[in-house]
2 protein chains.
Amino acid sequence: MENIQKNIGVNLKNIRKTRGYSLDTTAEITGVSKAMLGQIERGESNPTVTTLWKIASGLQVSFSSLISEKPSDVLHVDLTKISPIVECNGDYRVYPIFPFDPRKKFELFIVEIEPDCQHTADKHNDGVEEYVTVMNGKLDMYIGDQQLQIQQGNSIRFLANKTHTYKNSGDEVIRLQLVMYYP
Amino acid sequence: MENIQKNIGVNLKNIRKTRGYSLDTTAEITGVSKAMLGQIERGESNPTVTTLWKIASGLQVSFSSLISEKPSDVLHVDLTKISPIVECNGDYRVYPIFPFDPRKKFELFIVEIEPDCQHTADKHNDGVEEYVTVMNGKLDMYIGDQQLQIQQGNSIRFLANKTHTYKNSGDEVIRLQLVMYYP
DNA sequence: AATGATTGTTTATTATAACGCACATATGTA
DNA sequence: TACATATGTGCGTTATAATAAACAATCATT
């Protein structure tokens, strides 16, 4: 979906026309000048969020009704297309698979840890949970004062309100799935 | 959801922080200056749609991830709160119950027709269908060259690509439900 | 401490979104 | 025909979004 301006324009015009509103009445309802409304419909303007908000609010439609983003039912994510967040000189790589979405309450990562690499994460807010599943390798973890080892194929869930360390003591790369949950 | 600017700010900062990006790198990825990004995060700016688009696109998140509109699972609509589209000197009133949404392919109205009132609608585009259910009164309709009468409780579906007329020949107000479908 | 690198903020300038008003073009009314 | 009302568009002005560059604050390493 390229060129939102054009998109918003046709959407707005559709909504307005199907209701039989004129630019004048629409301007009155929304509090946006009719000149601006006309320009937006023609794709000649680049509205700000507050303007869009006034329009959506006045017309009693949702924001995305104006944006019209296609809610692709199925989303295929290619790991090689994702640029990871790297630490540990590139030996600790975090791939955001399904990034943070405020509507959802979680996000999903794939993490790769090279041998002899160790990463310590600061404690997160109370209630934040991590769900870790080790897919390849053997993972050493230090959570608060606990120490434990997760074998390949096993999983762990823990409250992340304390500093926690991921460590690869083996000789092969560790790949793990990480689900982060925010309350 | 009041004050979108603030909302967008915290959303953007959340996404950026959870990925460990700095303003600089975010600016590089999105093509939006880091000064602007900072102001948006602090709610001090009122971004345009293209700016939001660049951010969403660069960060590979959906538009509504930034907007964060909570998709209220259940929506209660109060008819008395809806200002109708009136014609026929106020004797023909159309209440948009679930207004046009490009993602959906239909919209829903309640229509009230006072006695002795008649309304003729222009033909719509090919493929557009109307679903009419009469809830109160007795409705006379003229669709193309057809003429018919719909009793209380009955329904009708027709292709709206020809002019069609709604008429109240009785002595009580007609209330009907109208579903408009766009192909 | 001193240096350097990286972070986010502030400032000055440019580009343009938004407004109000005037204009033009219908569409109907006496 | 002339008049009236309502439609959408164009124009000049003002407010402000967006940028680039300078600045300040934080942290790391020597």
Side-chain angles (χ1 to χ4, degrees), chain A residues 3-59 66-67 85-90 119-122 163, chain B residues 3-59 66-67 85-90 119-122 163:
Chain A
N3 202 353
I4 348 112
Q5 313 196 16
K6 209 76 183 170
N7 235 313
I8 293 176
V10 300
N11 286 332
L12 173 56
K13 190 158 190 174
N14 273 336
I15 297 173
R16 183 173 69 82
K17 282 299 186 184
T18 55
R19 295 217 215 163
Y21 289 163
S22 67
L23 285 181
D24 276 293
T25 57
T26 309
E28 198 165 342
I29 292 175
T30 60
V32 177
S33 70
K34 71 170 176 176
M36 180 78 323
L37 290 171
Q39 290 183 33
I40 293 174
E41 286 190 353
R42 275 172 269 133
E44 294 175 9
S45 184
N46 182 14
T48 63
V49 288
T50 54
T51 303
L52 271 195
W53 170 251
K54 286 197 230 170
I55 296 174
S57 181
L59 256 40
L66 297 174
I67 310 294
I85 306 157
V86 299
E87 305 194 24
C88 230
N89 298 332
H119 173 70
T120 299
D122 290 336
T163 61
Chain B
N3 202 352
I4 349 115
Q5 313 195 17
K6 209 77 182 171
N7 234 315
I8 293 177
V10 301
N11 286 332
L12 174 55
K13 190 159 190 172
N14 273 336
I15 297 173
R16 183 173 68 82
K17 281 297 186 185
T18 54
R19 296 217 213 164
Y21 291 163
S22 68
L23 285 181
D24 276 292
T25 57
T26 309
E28 199 164 342
I29 293 174
T30 60
V32 177
S33 70
K34 70 170 177 176
M36 180 82 317
L37 290 172
Q39 290 184 32
I40 293 175
E41 284 190 353
R42 275 173 269 132
E44 293 174 10
S45 183
N46 181 14
T48 63
V49 288
T50 53
T51 303
L52 271 195
W53 170 252
K54 285 198 231 169
I55 295 174
S57 181
L59 255 39
L66 297 173
I67 309 293
I85 307 158
V86 300
E87 306 196 24
C88 230
N89 299 330
H119 172 72
T120 299
D122 290 335
T163 61

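Small disclaimer: the values here were computed from a predicted structure and weren't measured. Quick note on labels: first sequence line is chain A, next is B, and so on, each numbered from 1.
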Between E44(B) and G31(A), which has a closest nucleotide on DNA chain C that is more 5'?
E44(B)

N46(A) CG to dC19(C) P: how many Å, rounded?
14 Å

Do the non-hydrogen side-chain atoms of I40(A) and I55(A) ever get within less than 4.5 Å of each other?
yes

Heavy-atom distance under 4.5 Å between the side chains of S45(B) and M36(B), does that happen here?
yes

Among dT7(C), dA18(D), dC11(D), the one nearest any side-chain atom of D24(B) is dT7(C)

Among dC19(C), dT19(D), dT9(D), the one nearest V32(B) by side-chain distance
dT19(D)

State whether T48(A) places a side-chain N or O below 4.0 Å from either non-bridging phosphate oxygen (OP1 or OP2) of dA18(C).
yes

Phosphate OP1/OP2 of dG8(D): any R16(A) side-chain N/O under 4.0 Å
yes

In short, V32(B) meets L37(B) closest at the heavy-atom pair O-CD1, 3.7 Å

Of the options dA18(C), dT19(D), dG8(C), whose atoms approach the side-chain atoms of K34(B) most closely?
dG8(C)

How close or far is atom P of dG8(D) from atom CD1 of I40(A), stated in whole angstroms?
14 Å

Of the listed nucleotides dT9(D), dT9(C), dC19(C), the one nearest the side chain of R42(A):
dT9(D)

For dT7(D), does either OP1 or OP2 sit under 4.0 Å from a side-chain N or O belonging to S22(A)?
yes

Is K34(A) salt-bridged to E28(A), going by a charged N under 4.0 Å from an acidic O?
no

From CG of L37(A) over to P of dT7(D), roughly how many Å is that when rounded to an integer?
13 Å

Please answer whether the main-chain N or O of T26(A) pairs with a side-chain N or O of T30(A) as donor and acceptor at a distance below 3.5 Å.
yes

Return the value, rounded to whole Å, for the distance between atom OH of Y21(B) and atom C1' of dT6(C).
17 Å

Atom CH2 of W53(B) and atom P of dA18(D) are separated, to the nearest Å, by 16 Å

With heavy atoms under 4.0 Å as the rule, sort K54(A) into base, sugar-phosphate or nothing.
sugar-phosphate

Please determine whether a side-chain nitrogen or oxygen atom of K17(B) lies at a distance below 4.0 Å from atom OP1 or OP2 of dG8(C).
yes

dA18(D) C1' sits how many Å from L52(B) CG, rounded?
13 Å

Which part of the nucleic acid does S33(A) contact within heavy-atom distance under 4.0 Å: base, sugar-phosphate only, or nothing?
base

Separation of dG8(D) atom P from E28(A) atom CD, nearest Å, is 14 Å

Atom-to-atom span, CG of L23(B) to P of dA24(D) - whole angstrom
19 Å

Can you tell me if T51(A) touches the phosphate of dA18(C), counting only side-chain N or O atoms and a distance under 4.0 Å to OP1 or OP2?
yes

